[in-house]
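To start, the structure itself, in structure tokens.
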Amino acid sequence: MILSDADILKRLEDGDLVVDPVDDLELQIQPASVDLRLGREFLEFQRTNIPCIHPNSEREVDEYVTETVVEEGDDFILHPGDFVLGTTYERVEIPPDLIAHVEGRSSLGRLAVVVHATAGLCDPGYRGQITLELSNLGTAPVALTPGMRISQLTFTELKTEAERPYGSERGSKYQDQDGPQASRIQSDDEFGGDQLEREE
Ligand SMILES: Nc1ccn([C@H]2C[C@H](O)[C@@H](COP(=O)(O)OP(=O)(O)OP(=O)(O)O)O2)c(=O)n1
């Protein structure tokens with residue numbers, strides 16, 4: 001079951017679901033979602049002379065990513081074809097009986113701005129700001145203003161609470177993230193890796 005505005009408000013009041021801060025309930029609480037605002041920090045991949053990114057190379061993932069913090073009153077210009085990581089201004093805490101989906105807003109979609117390229121799921125138990133995978137599929141640059149409502153979060157009730165919510169297990173590498181976080185896929189290996197066993 002997807003939570004309605006009344007359900008969301010009740011869960012926020014009860015305090016087990018956290019979206020912080022919600023400054024304007026009337027504006028941010030939608031019929032069945034909460035609008036989240038854009039933070040000031042962005043991570044961009046530098047188009048230097050890296051031939052390609054090997055996902056398991058921490059050096060390549062971290063060294064070629066630079067952070068931009070947009071000053072008050074300024075915009076971040078997202079050019080056609082760009083892919084950058086942004087962050088929600090709000091921090092969320094998802095209780096073990098809910099799963100949240102990060103969705104774009106239609107008004108930005110109509111300007112060809114996509115807020116999550118692939119991953120749009122916040123696990124039960126997840127705490128932190130949400131990293132937005134921003135891209136511009138259109139032909140004109142689009143100015144993104146920190147504080148603008150950029151995405152929306154919907155909540156679905158699980159049939160039973162997650163037994164191993166995000167954060168309770170090793171491998172929860174984005175728990176408590178603060179600002180946009182680059183991929184931590186390199187640390188997959190620490191947790192058993194995704195390598196398939198070879199048959200002899
Ligand atoms: N656009 C998104 C999508 C998810 N998350 C956060 C909330 C999720 O609960 C957490 C982990 O997301 P995934 O499970 O999709 O990511 P991985 O499987 O890569 O990470 P892990 O191995 O930690 O589960 O990251 C985020 O900040 N921004």
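We count ligands from 1, going down the list as the structure has it; atoms in each ligand are counted the same way. Along the sequence shown, the residues carry numbers beginning at 1.
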(request) Kindly say whether Q181 contributes a backbone atom to a donor-acceptor pair with the side chain of T131 at under 3.5 angstrom? (result) yes

(message) Under a plain distance cut-off of 3.5 Å, with no hydrogens placed, do T66 and Q46 share a side-chain donor-acceptor pair?
(response) yes

(message) Give me the atom names and distance for the closest heavy-atom approach of L27 to Q30.
(response) O-NE2, 2.9 Å

(request) Run the numbers for me: atoms of ligand 1, each under 4.0 Å from some heavy atom of C122, listed by number. (result) 7 (C), 8 (C), 9 (O)

(request) Verify salt bridge (Lys or Arg N to Asp or Glu O under 4.0 Å) between K10 and D14, making sure each step is shown before the conclusion. (result) CA-CA 6 Å; K10 178 157 188 331; D14 290 349; 2.9 Å; yes

(message) I need the contact type for V102 against ligand 1. Using non-hydrogen atoms and a strict under-4.0 Å cut-off, is it side chain, backbone, both or neither?
(response) neither

(message) Give me the nearest non-hydrogen protein atom to atom 15 (O) of ligand 1 as residue plus atom name, then the distance to 0.1 Å.
(response) A119 CB, 4.4 Å

(message) If you apply the rule salt bridge (Lys or Arg N to Asp or Glu O under 4.0 Å), what do you find for R11 with D97, and how did you get there?
(response) CA-CA 11 Å; R11 297 295 296 254; D97 66 325; 2.8 Å; yes

(message) Protein non-hydrogen atoms only, distance under 4.0 Å: does atom 20 (O) of ligand 1 have such a neighbour?
(response) yes

(request) Check each atom of ligand 1 against the heavy atoms of Q177 and keep those under 4.0 Å away; list them by number with element. (result) 26 (C), 27 (O)

(message) For the 3.5 Å polar cut-off, considering only N or O atoms, please tell me whether T131 and ligand 1 meet it.
(response) yes

(message) Are more than 12 heavy atoms, taken from residues, nucleotides or ligands other than Y166, located less than 6.0 Å from that residue's OH atom?
(response) yes

(request) With heavy atoms only and a cut-off of under 4.0 Å, state how K173 meets ligand 1: side chain, backbone, both or neither. (result) both

(request) With heavy atoms of S172 as the reference, note each atom of ligand 1 found under 4.0 Å away. (result) 23 (O)

(message) Are any of the N/O atoms on D123, whether in the backbone or the side chain, positioned under 3.5 angstrom from an N/O atom of ligand 1?
(response) yes

(message) Do V84 and F76 have side chains that approach each other closer than 4.5 Å (heavy atoms only, starting at C-beta)?
(response) yes

(request) Just go through L121, L132, T87 and tell me whose heavy atom is the nearest to atom 4 (C) of ligand 1. (result) L121

(message) Quick check: closest heavy atoms across P80 and N136, and the distance to 0.1 Å?
(response) N-ND2, 3.5 Å

(message) Tell me the protein heavy atom at minimum distance from atom 11 (C) of ligand 1, and give that distance in Å.
(response) Y166 OH, 3.5 Å

(request) Give the residue and atom name of whichever protein heavy atom lies nearest to atom 16 (O) of ligand 1, and the separation in Å to one decimal. (result) Y174 CE1, 4.2 Å

